[in-house]
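Just below is one structure, and these are the notes that go with it.
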Protein chains: 2
Amino acid sequence: MTMVGALLEANARFAETFDASGIHAPRFALLTCMDGRLDPARFLDLAPGDAHVIRNAGGRADADAIRSIVVSYRLLGTREIVVVHHEDCGMMRFTNDELRDMLRADLGLDASQIDFLPFSDLDESVRVDVRMLRQCPLIPDAIPISGFVYDVSSGRLREVR
Amino acid sequence: MTMVGALLEANARFAETFDASGIHAPRFALLTCMDGRLDPARFLDLAPGDAHVIRNAGGRADADAIRSIVVSYRLLGTREIVVVHHEDCGMMRFTNDELRDMLRADLGLDASQIDFLPFSDLDESVRVDVRMLRQCPLIPDAIPISGFVYDVSSGRLREVR
(Lines give C-alpha, C1' and ligand atoms only; values in the text may rest on other atoms or scores of the structure.)
Protein backbone atom coordinates (compact mmCIF):
# COMPACT_ATOMS: atom_id res chain seq x y z
CA MET A 1 0.00 0.00 0.00
CA THR A 2 1.23 3.55 -0.70
CA MET A 3 1.76 5.84 2.23
CA VAL A 4 -1.23 7.92 1.15
CA GLY A 5 -3.39 4.77 1.18
CA ALA A 6 -2.08 3.76 4.60
CA LEU A 7 -2.77 7.22 6.04
CA LEU A 8 -6.30 7.28 4.64
CA GLU A 9 -6.94 3.81 6.08
CA ALA A 10 -5.63 4.82 9.52
CA ASN A 11 -7.78 7.94 9.37
CA ALA A 12 -10.91 5.99 8.39
CA ARG A 13 -10.51 3.88 11.58
CA PHE A 14 -10.11 7.08 13.63
CA ALA A 15 -13.17 8.74 12.05
CA GLU A 16 -15.41 5.76 12.88
CA THR A 17 -15.46 6.76 16.55
CA PHE A 18 -14.71 10.48 16.15
CA ASP A 19 -16.68 12.85 18.37
CA ALA A 20 -16.42 16.58 17.68
CA SER A 21 -18.43 17.62 20.74
CA GLY A 22 -16.89 19.27 23.79
CA ILE A 23 -14.17 21.18 21.93
CA HIS A 24 -12.61 23.93 24.11
CA ALA A 25 -11.85 27.46 22.98
CA PRO A 26 -8.06 27.84 22.57
CA ARG A 27 -6.37 29.19 25.70
CA PHE A 28 -2.75 29.45 24.68
CA ALA A 29 -0.31 29.13 21.80
CA LEU A 30 2.34 26.46 22.15
CA LEU A 31 5.54 26.80 20.12
CA THR A 32 7.52 23.57 20.01
CA CYS A 33 9.74 21.35 17.86
CA MET A 34 8.56 19.15 14.97
CA ASP A 35 10.36 16.13 16.49
CA GLY A 36 8.20 13.01 16.21
CA ARG A 37 8.99 11.97 19.78
CA LEU A 38 7.03 14.97 21.07
CA ASP A 39 3.28 14.54 21.43
CA PRO A 40 2.26 17.79 23.14
CA ALA A 41 -1.42 16.83 23.36
CA ARG A 42 -0.28 13.97 25.61
CA PHE A 43 2.64 15.47 27.53
CA LEU A 44 0.57 18.54 28.43
CA ASP A 45 -2.72 16.63 28.68
CA LEU A 46 -4.41 19.00 26.23
CA ALA A 47 -8.12 18.64 25.56
CA PRO A 48 -9.18 19.06 21.91
CA GLY A 49 -9.08 22.77 21.10
CA ASP A 50 -7.09 23.80 24.18
CA ALA A 51 -4.04 25.19 22.43
CA HIS A 52 -2.81 26.33 19.06
CA VAL A 53 0.21 24.14 18.40
CA ILE A 54 2.92 25.76 16.30
CA ARG A 55 5.78 23.42 15.42
CA ASN A 56 8.96 23.80 13.39
CA ALA A 57 12.54 22.56 13.41
CA GLY A 58 13.70 23.41 16.94
CA GLY A 59 10.54 25.19 18.08
CA ARG A 60 12.20 28.45 17.09
CA ALA A 61 10.59 31.91 17.26
CA ASP A 62 11.19 32.74 13.61
CA ALA A 63 9.17 35.05 11.37
CA ASP A 64 6.61 32.38 10.57
CA ALA A 65 6.08 31.43 14.20
CA ILE A 66 5.43 35.11 14.89
CA ARG A 67 2.95 35.24 11.97
CA SER A 68 1.12 32.28 13.50
CA ILE A 69 1.19 33.72 17.04
CA VAL A 70 -0.26 37.05 15.85
CA VAL A 71 -3.13 35.21 14.13
CA SER A 72 -3.55 33.10 17.28
CA TYR A 73 -3.89 35.89 19.85
CA ARG A 74 -5.38 38.65 17.73
CA LEU A 75 -7.96 36.75 15.70
CA LEU A 76 -8.48 33.52 17.60
CA GLY A 77 -8.31 34.60 21.23
CA THR A 78 -5.32 32.88 22.87
CA ARG A 79 -3.93 34.77 25.85
CA GLU A 80 -0.62 33.16 26.71
CA ILE A 81 2.43 31.73 24.91
CA VAL A 82 4.41 28.63 25.90
CA VAL A 83 7.75 27.72 24.27
CA VAL A 84 9.02 24.12 24.59
CA HIS A 85 12.39 22.94 23.25
CA HIS A 86 13.70 19.45 24.05
CA GLU A 87 16.70 17.34 25.01
CA ASP A 88 18.49 15.46 22.20
CA CYS A 89 17.17 17.92 19.59
CA GLY A 90 18.43 17.39 16.03
CA MET A 91 19.07 21.14 15.84
CA MET A 92 22.08 20.68 18.15
CA ARG A 93 23.76 18.21 15.76
CA PHE A 94 24.70 20.45 12.83
CA THR A 95 25.84 23.94 11.93
CA ASN A 96 24.49 26.21 9.22
CA ASP A 97 27.71 25.73 7.25
CA GLU A 98 27.48 21.94 7.40
CA LEU A 99 23.92 21.91 6.10
CA ARG A 100 24.70 24.51 3.43
CA ASP A 101 27.65 22.38 2.26
CA MET A 102 25.36 19.32 1.99
CA LEU A 103 22.81 21.24 -0.07
CA ARG A 104 25.53 22.56 -2.35
CA ALA A 105 26.90 19.02 -2.84
CA ASP A 106 23.45 17.39 -3.29
CA LEU A 107 21.57 19.96 -5.29
CA GLY A 108 24.17 22.47 -6.43
CA LEU A 109 22.32 25.15 -4.50
CA ASP A 110 23.60 28.16 -2.63
CA ALA A 111 21.69 28.25 0.67
CA SER A 112 24.01 30.78 2.28
CA GLN A 113 21.10 33.21 2.76
CA ILE A 114 19.10 30.74 4.86
CA ASP A 115 19.58 30.54 8.61
CA PHE A 116 18.43 27.05 9.58
CA LEU A 117 18.45 28.15 13.25
CA PRO A 118 20.55 25.37 14.80
CA PHE A 119 21.75 25.89 18.37
CA SER A 120 24.32 24.45 20.75
CA ASP A 121 23.03 25.51 24.20
CA LEU A 122 19.56 24.11 24.83
CA ASP A 123 18.48 26.23 27.81
CA GLU A 124 19.88 29.34 26.15
CA SER A 125 17.92 28.57 22.96
CA VAL A 126 14.72 28.67 25.03
CA ARG A 127 15.73 31.96 26.65
CA VAL A 128 16.63 33.48 23.27
CA ASP A 129 13.25 32.53 21.78
CA VAL A 130 11.25 33.70 24.82
CA ARG A 131 13.15 36.99 24.70
CA MET A 132 12.58 37.29 20.94
CA LEU A 133 8.83 36.94 21.45
CA ARG A 134 8.81 39.33 24.44
CA GLN A 135 10.63 41.96 22.41
CA CYS A 136 8.55 41.48 19.27
CA PRO A 137 6.50 44.65 18.73
CA LEU A 138 3.68 42.59 17.18
CA ILE A 139 3.09 40.75 20.49
CA PRO A 140 1.55 42.88 23.27
CA ASP A 141 3.47 43.05 26.57
CA ALA A 142 0.38 41.83 28.45
CA ILE A 143 0.70 38.30 27.01
CA PRO A 144 2.64 36.06 29.44
CA ILE A 145 5.36 33.97 27.80
CA SER A 146 7.08 31.03 29.49
CA GLY A 147 9.81 28.65 28.37
CA PHE A 148 10.43 24.95 29.04
CA VAL A 149 12.65 22.03 28.15
CA TYR A 150 11.05 18.61 27.55
CA ASP A 151 13.14 15.52 28.26
CA VAL A 152 12.43 12.89 25.59
CA SER A 153 13.87 10.12 27.78
CA SER A 154 11.70 10.78 30.86
CA GLY A 155 8.71 12.66 29.44
CA ARG A 156 9.36 15.43 31.98
CA LEU A 157 9.06 19.15 31.39
CA ARG A 158 11.08 21.72 33.33
CA GLU A 159 10.72 25.46 33.27
CA VAL A 160 13.63 27.56 31.97
CA ARG A 161 13.97 31.04 33.44
CA MET B 1 -2.90 27.93 40.00
CA THR B 2 -0.99 29.70 37.20
CA MET B 3 -1.05 28.17 33.75
CA VAL B 4 2.64 27.23 34.10
CA GLY B 5 1.84 25.39 37.33
CA ALA B 6 -1.11 23.60 35.74
CA LEU B 7 0.97 22.53 32.74
CA LEU B 8 3.77 21.21 34.97
CA GLU B 9 1.24 19.31 37.07
CA ALA B 10 -0.38 17.76 33.96
CA ASN B 11 3.06 16.83 32.68
CA ALA B 12 4.09 15.22 35.99
CA ARG B 13 1.08 12.89 35.72
CA PHE B 14 2.07 12.02 32.13
CA ALA B 15 5.71 11.36 33.06
CA GLU B 16 4.73 8.89 35.79
CA THR B 17 3.84 6.28 33.19
CA PHE B 18 6.02 7.54 30.33
CA ASP B 19 7.82 4.89 28.29
CA ALA B 20 10.46 6.04 25.77
CA SER B 21 11.03 2.60 24.30
CA GLY B 22 9.86 1.57 20.84
CA ILE B 23 10.28 4.98 19.21
CA HIS B 24 10.21 4.77 15.40
CA ALA B 25 12.56 6.56 13.04
CA PRO B 26 10.68 9.40 11.34
CA ARG B 27 9.19 8.37 7.97
CA PHE B 28 7.62 11.56 6.74
CA ALA B 29 7.17 15.26 7.39
CA LEU B 30 3.63 16.42 8.03
CA LEU B 31 2.79 20.10 7.43
CA THR B 32 -0.51 21.09 9.00
CA CYS B 33 -2.39 23.86 10.79
CA MET B 34 -1.88 24.94 14.41
CA ASP B 35 -5.64 24.64 15.07
CA GLY B 36 -6.26 23.01 18.47
CA ARG B 37 -8.99 20.78 17.06
CA LEU B 38 -6.37 18.91 15.03
CA ASP B 39 -4.53 16.10 16.79
CA PRO B 40 -2.50 14.55 13.95
CA ALA B 41 -1.00 11.84 16.16
CA ARG B 42 -4.56 10.57 16.59
CA PHE B 43 -6.19 11.29 13.25
CA LEU B 44 -3.27 9.62 11.40
CA ASP B 45 -2.65 7.02 14.11
CA LEU B 46 1.01 8.02 14.37
CA ALA B 47 3.33 6.01 16.59
CA PRO B 48 5.84 8.04 18.62
CA GLY B 49 8.59 9.17 16.28
CA ASP B 50 6.72 8.34 13.04
CA ALA B 51 6.55 11.84 11.60
CA HIS B 52 8.02 15.29 11.95
CA VAL B 53 5.03 17.50 12.59
CA ILE B 54 5.36 21.05 11.30
CA ARG B 55 2.45 23.30 12.23
CA ASN B 56 1.65 26.94 11.62
CA ALA B 57 -1.36 29.17 10.97
CA GLY B 58 -3.05 27.43 8.04
CA GLY B 59 -0.42 24.73 7.51
CA ARG B 60 1.16 26.96 4.87
CA ALA B 61 4.36 26.20 2.95
CA ASP B 62 6.11 29.38 3.96
CA ALA B 63 9.85 29.97 4.29
CA ASP B 64 9.98 28.53 7.79
CA ALA B 65 8.10 25.39 6.84
CA ILE B 66 10.64 24.91 4.05
CA ARG B 67 13.51 25.44 6.54
CA SER B 68 12.01 22.72 8.72
CA ILE B 69 11.37 20.34 5.80
CA VAL B 70 14.98 20.67 4.61
CA VAL B 71 16.25 19.81 8.10
CA SER B 72 13.74 16.95 8.21
CA TYR B 73 14.68 15.17 4.97
CA ARG B 74 18.36 16.09 4.68
CA LEU B 75 19.53 15.63 8.26
CA LEU B 76 16.87 13.48 9.87
CA GLY B 77 15.92 11.06 7.13
CA THR B 78 12.25 11.61 6.25
CA ARG B 79 11.36 10.57 2.69
CA GLU B 80 7.90 11.93 2.02
CA ILE B 81 5.88 15.12 2.68
CA VAL B 82 2.19 15.30 3.58
CA VAL B 83 0.26 18.62 3.65
CA VAL B 84 -3.04 18.77 5.58
CA HIS B 85 -5.29 21.85 5.71
CA HIS B 86 -8.75 21.69 7.29
CA GLU B 87 -12.38 22.71 7.03
CA ASP B 88 -13.52 25.73 9.10
CA CYS B 89 -9.95 27.10 9.22
CA GLY B 90 -9.51 30.49 10.89
CA MET B 91 -7.33 31.53 7.94
CA MET B 92 -10.49 31.76 5.79
CA ARG B 93 -12.11 34.33 8.10
CA PHE B 94 -9.92 37.40 7.56
CA THR B 95 -7.91 39.26 4.95
CA ASN B 96 -4.40 40.65 5.27
CA ASP B 97 -5.82 44.18 5.22
CA GLU B 98 -8.25 43.44 8.07
CA LEU B 99 -5.53 42.02 10.30
CA ARG B 100 -3.12 44.84 9.42
CA ASP B 101 -5.83 47.39 10.32
CA MET B 102 -6.35 45.69 13.70
CA LEU B 103 -2.62 45.76 14.45
CA ARG B 104 -2.44 49.42 13.48
CA ALA B 105 -5.39 50.24 15.73
CA ASP B 106 -4.19 48.08 18.68
CA LEU B 107 -0.47 48.64 18.63
CA GLY B 108 0.13 51.54 16.25
CA LEU B 109 2.19 49.20 14.06
CA ASP B 110 2.60 49.04 10.32
CA ALA B 111 2.39 45.35 9.39
CA SER B 112 1.96 46.02 5.67
CA GLN B 113 5.13 44.04 4.91
CA ILE B 114 3.78 40.85 6.51
CA ASP B 115 1.73 38.38 4.51
CA PHE B 116 -0.30 36.45 7.09
CA LEU B 117 -1.18 33.90 4.35
CA PRO B 118 -4.98 33.81 4.71
CA PHE B 119 -6.92 32.04 1.97
CA SER B 120 -10.48 31.81 0.68
CA ASP B 121 -10.49 28.53 -1.32
CA LEU B 122 -9.58 25.58 0.90
CA ASP B 123 -8.81 22.94 -1.75
CA GLU B 124 -6.89 25.48 -3.78
CA SER B 125 -4.80 26.43 -0.72
CA VAL B 126 -3.69 22.79 -0.47
CA ARG B 127 -2.83 22.68 -4.18
CA VAL B 128 -0.90 25.95 -3.95
CA ASP B 129 1.18 24.70 -1.01
CA VAL B 130 1.85 21.27 -2.57
CA ARG B 131 2.93 23.03 -5.76
CA MET B 132 5.10 25.48 -3.80
CA LEU B 133 6.93 22.56 -2.17
CA ARG B 134 7.23 20.64 -5.47
CA GLN B 135 8.75 23.68 -7.14
CA CYS B 136 11.07 24.56 -4.26
CA PRO B 137 14.65 23.99 -5.42
CA LEU B 138 15.68 23.01 -1.88
CA ILE B 139 13.39 19.95 -1.97
CA PRO B 140 14.52 17.13 -4.32
CA ASP B 141 12.03 16.00 -6.98
CA ALA B 142 12.28 12.41 -5.70
CA ILE B 143 10.38 13.25 -2.50
CA PRO B 144 6.65 12.46 -2.94
CA ILE B 145 4.31 15.22 -1.74
CA SER B 146 0.59 14.73 -1.20
CA GLY B 147 -2.17 17.08 -0.04
CA PHE B 148 -5.28 16.54 2.07
CA VAL B 149 -8.19 18.30 3.72
CA TYR B 150 -9.22 17.25 7.25
CA ASP B 151 -12.86 17.72 8.25
CA VAL B 152 -13.01 18.89 11.88
CA SER B 153 -16.66 17.88 12.16
CA SER B 154 -16.26 14.25 11.04
CA GLY B 155 -12.57 13.54 11.69
CA ARG B 156 -12.23 12.48 8.04
CA LEU B 157 -9.32 13.17 5.74
CA ARG B 158 -9.71 13.40 1.96
CA GLU B 159 -6.97 13.68 -0.61
CA VAL B 160 -6.79 16.81 -2.77
CA ARG B 161 -5.34 16.40 -6.24
Side-chain angles (χ1 to χ4, degrees), chain A residues 3-4 7-8 10-11 13-15 18 20 23 26 28 34-37 39 41-45 48-57 62-65 67-68 70-72 74-76 80 82 90 94 99 102-103 107 109 111 114 116-117 137-138 140 146 152-157 159, chain B residues 3-4 7-8 10-11 13-15 18 20 23 26 28 34-37 39 41-45 48-57 62-65 67-68 70-72 74-76 80 82 90 94 99 102-103 107 109 111 114 116-117 137-138 140 146 152-157 159:
Chain A
M3 199 181 73
V4 168
L7 291 178
L8 288 171
N11 172 256
R13 285 193 301 274
F14 166 78
F18 179 77
I23 302 274
F28 65 101
M34 67 181 178
D35 191 297
R37 293 169 296 178
D39 187 347
R42 292 194 60 225
F43 76 65
L44 292 175
D45 192 25
D50 261 357
H52 290 142
V53 184
I54 301 157
R55 300 180 66 171
N56 62 40
D62 54 18
D64 181 43
R67 171 183 77 82
S68 297
V70 171
V71 171
S72 175
R74 187 57 188 84
L75 295 174
L76 304 170
E80 195 151 346
V82 173
F94 71 97
L99 182 49
M102 288 176 189
L103 293 169
L107 303 168
L109 283 177
I114 304 178
F116 291 95
L117 305 174
L138 288 162
S146 49
V152 289
S153 66
S154 70
R156 282 203 182 271
L157 206 62
E159 193 173 4
Chain B
M3 199 182 71
V4 168
L7 291 178
L8 288 171
N11 172 255
R13 285 194 301 274
F14 166 78
F18 178 77
I23 302 273
F28 65 100
M34 67 182 179
D35 192 298
R37 293 169 294 178
D39 187 346
R42 292 194 59 225
F43 75 65
L44 292 176
D45 192 25
D50 261 357
H52 291 141
V53 184
I54 301 158
R55 300 180 65 171
N56 62 40
D62 54 18
D64 182 43
R67 170 183 76 82
S68 297
V70 171
V71 171
S72 175
R74 188 58 190 83
L75 296 173
L76 304 170
E80 195 150 346
V82 173
F94 70 97
L99 181 48
M102 288 178 189
L103 294 168
L107 303 168
L109 283 178
I114 305 179
F116 290 95
L117 305 175
L138 288 162
S146 48
V152 291
S153 66
S154 70
R156 283 204 181 270
L157 205 62
E159 194 173 5

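In what follows, chains are A, B, ... by sequence order, proteins preceding strands, each numbered from 1. Excluded from the calculations below are hydrogen atoms, water molecules and symmetry mates; all remaining heavy atoms, backbone and side chain alike, are included.
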Okay, A/F94 and chain B: the region with an atom under 4.5 Å from a heavy atom over there is side chain

Segment of [X] engaging chain A (4.5 angstrom heavy-atom cut-off):
X      : answer
B/N11  : both
B/V53  : both
B/N56  : both
B/L99  : side chain
B/L109 : side chain

Only pairs of heavy atoms separated by less than 4.5 Å count here; which of [options] has the most with chain A?
options                      : value
B/L75, B/D50, B/D35          : B/L75
B/H52, B/R37, B/R55, B/R42   : B/R55
B/V82, B/I23, B/L7           : B/L7
B/A63, B/P26, B/P137         : B/P137
B/G49, B/S146, B/P140, B/A41 : B/G49

Rounded to the nearest 0.5 Å, the CG atom of B/L8 sits from the CG atom of A/L44 at a distance of 9.0 Å

ask   = Once you round to the nearest 0.5 Å, how far does CG of A/L138 lie from CG of B/L103?
value =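 It comes to 6.0 Å.
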
Closest approach of [X] to [Y] (non-hydrogen atoms, all atoms of both residues):
X      : Y     : answer
A/S154 : B/A15 : O-CB, 3.7 Å
A/A10  : B/D45 : CB-CB, 3.9 Å
A/S68  : B/A57 : OG-N, 2.8 Å
A/M34  : B/L76 : CE-CD1, 4.2 Å

Next on the checklist: So, using ring-ring contact (aromatic ring centres under 6.0 Å, His included) as the criterion, who are the partners of A/F28 when residues are at least two apart?
Outcome noted: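 Partners of A/F28 by the ring-ring contact (aromatic ring centres under 6.0 Å, His included) criterion come out as none, since no residue qualifies.
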
With sequence neighbours left out, write down each residue that passes ring-ring contact (aromatic ring centres under 6.0 Å, His included) with A/F14, or none if nothing qualifies.
->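 Partners of A/F14 by the ring-ring contact (aromatic ring centres under 6.0 Å, His included) criterion, ordered by chain and then number, come out as A/F18.
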
- Query: Side chains of B/L107 and A/R74: does their closest heavy-atom pair fall under 4.5 Å?
  - Reply: no

message: Side chains of A/R67 and B/D64, heavy atoms from C-beta outward: is any pair under 4.5 Å?
response: no

Do you know which of A/I114, A/I54, A/V152 has the most heavy-atom pairs with chain B at a distance under 4.5 angstrom?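 The candidate making the most pairs under 4.5 Å is A/I54.
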
